[in-house]
Amino acid sequence: DVKVTQSSRYLVKRTGEKVFLECVQDMDHENMFWYRQDPGLGLRLIYFSYDVKMKEKGDIPEGYSVSREKKERFSLILESASTNQTSMYLCASTLSGTGDPGNTGELFFGEGSRLTVL
Amino acid sequence: AQRVTQPEKLLSVFKGAPVELKCNYSYSGSPELFWYVQYSRQRLQLLLRHISRESIKGFTADLNKGETSFHLKKPFAQEEDSAMYYCALCPLYNQGGKLIFGQGTELSVKP
């Protein structure tokens with residue numbers, strides 16, 4: 001089974017603090033993603049990465065950055081946390097397949113990291 | 001613009017009743033469509049994909065290109081179906097896995 005592990009299930013931080021959310025996958029997937037999950041808004045893509053040291057902005061990248069130094073690890077960084085970043089953060093991974101009809105597009109998700117910024 | 005819309009935030013039915021969770025999409029090409037489910041205290045997981053034309057846990061979904069819809073249906077709901085359901089779109093020939101999700105529908109099946 002694919003395993004995507006997010007290091008922190010629950011975090012409470014103060015406004016202005018730097019926050020690191022770690023994600024590790026054990027299936028040698030090329031593609032990794034960070035989503036934010038909010039009631040009524042669904043999942044919104046923050047950043048994604050198709051390769052080591054590669055990153056691309058998603059739909060809501062403001063206030064976030066990412067790091068991918070190793071294939072299995074994708075970190076989300078909040079440089080200066082704000083209260084509107086209180087949310088559930090989901091990491092996901094999948095095999096690559098640019099333009100590949102065989103890529104089913106299935107994402108494998110972590111359990112989520114619930115961040116509260118006071 | 002590419003968009004997925006789930007018009008119902010909450011759907012409440014009684015056990016044994018039919019269920020239909022609505023999903024409409026906006027995309028100019030031929031997308032791949034998925035339903036993901038999140039049970040209480042569990043991670044989000046794939047329920048079914050349109051390309052497989054399969055029935056999972058009694059659920060089916062038919063892609064209607066004319067109406068740009070991909071509604072999820074089950075003839076007889078069970079209490080264990082209570083969960084959060086997300087419809088998602090993957091544009092063909094886009095880089096793998098970059099899904100666009102709808103807002104989600106919470107399904108509550110009452111005894």
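Values below: every heavy atom of this structure, side chains too, minus hydrogens, waters and symmetry copies.
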### Message
Looking at B:E80, I want to see if its CD is surrounded by more than 12 non-hydrogen atoms of other residues, nucleotides or ligands under 6.0 Å.
### Response
yes

### Task
Supply the atom-to-atom distance A:F48 CZ to B:L99 CG, rounded to the nearest 0.5 angstrom.
11.5 Å

### Query
Does A:I46 share a hydrophobic cluster with A:V24, counting links as ILVMFWY side-chain heavy atoms below 4.5 Å and allowing steps through other members?
no

### Query
In residues 37-45 of chain A, which residues are in contact with chain B at a heavy-atom separation under 4.5 Å?
A:Q37, A:G40, A:L41, A:G42, A:L43, A:L45

### Query
Would a distance-only check, ignoring hydrogens and angles, find a side-chain to backbone donor-acceptor pair under 3.5 Å from B:R43 to A:V4?
yes

### Query
Looking only at atom types and distance, does a side-chain atom of B:Y36 sit under 3.5 Å from a main-chain N or O of A:L107, one as donor and one as acceptor?
yes

### Query
In this structure, are over 12 heavy atoms from other groups packed under 6.0 Å from B:K73 atom NZ?
no

### Query
Transitively linked via ILVMFWY side-chain contacts under 4.5 Å: B:L63 with B:I100?
yes

### Query
In the single-linkage hydrophobic clustering (I, L, V, M, F, W, Y; side-chain heavy atoms under 4.5 Å), do A:Y35 and A:Y64 co-cluster?
no

### Query
Does B:F70 belong to the same Ile/Leu/Val/Met/Phe/Trp/Tyr cluster as B:L89, with side-chain heavy atoms less than 4.5 Å apart forming each link?
yes

### Query
Given that the side chain runs from C-beta out, which part of B:Q38 has a heavy atom under 4.5 Å from chain A: side chain, backbone, both or neither?
side chain

### Message
Once rounded to the nearest 0.5 Å, what's the spacing between atom CG of B:L44 and atom CD of A:E111?
### Response
12.0 Å

### Task
Check whether A:L115 and A:F109 end up in the same hydrophobic cluster, where Ile, Leu, Val, Met, Phe, Trp and Tyr are linked by side-chain heavy atoms less than 4.5 Å apart.
no

### Message
Could you check whether atom OH of B:Y39 has more than 12 heavy atoms from other residues, nucleotides or ligands sitting under 6.0 Å from it?
### Response
yes

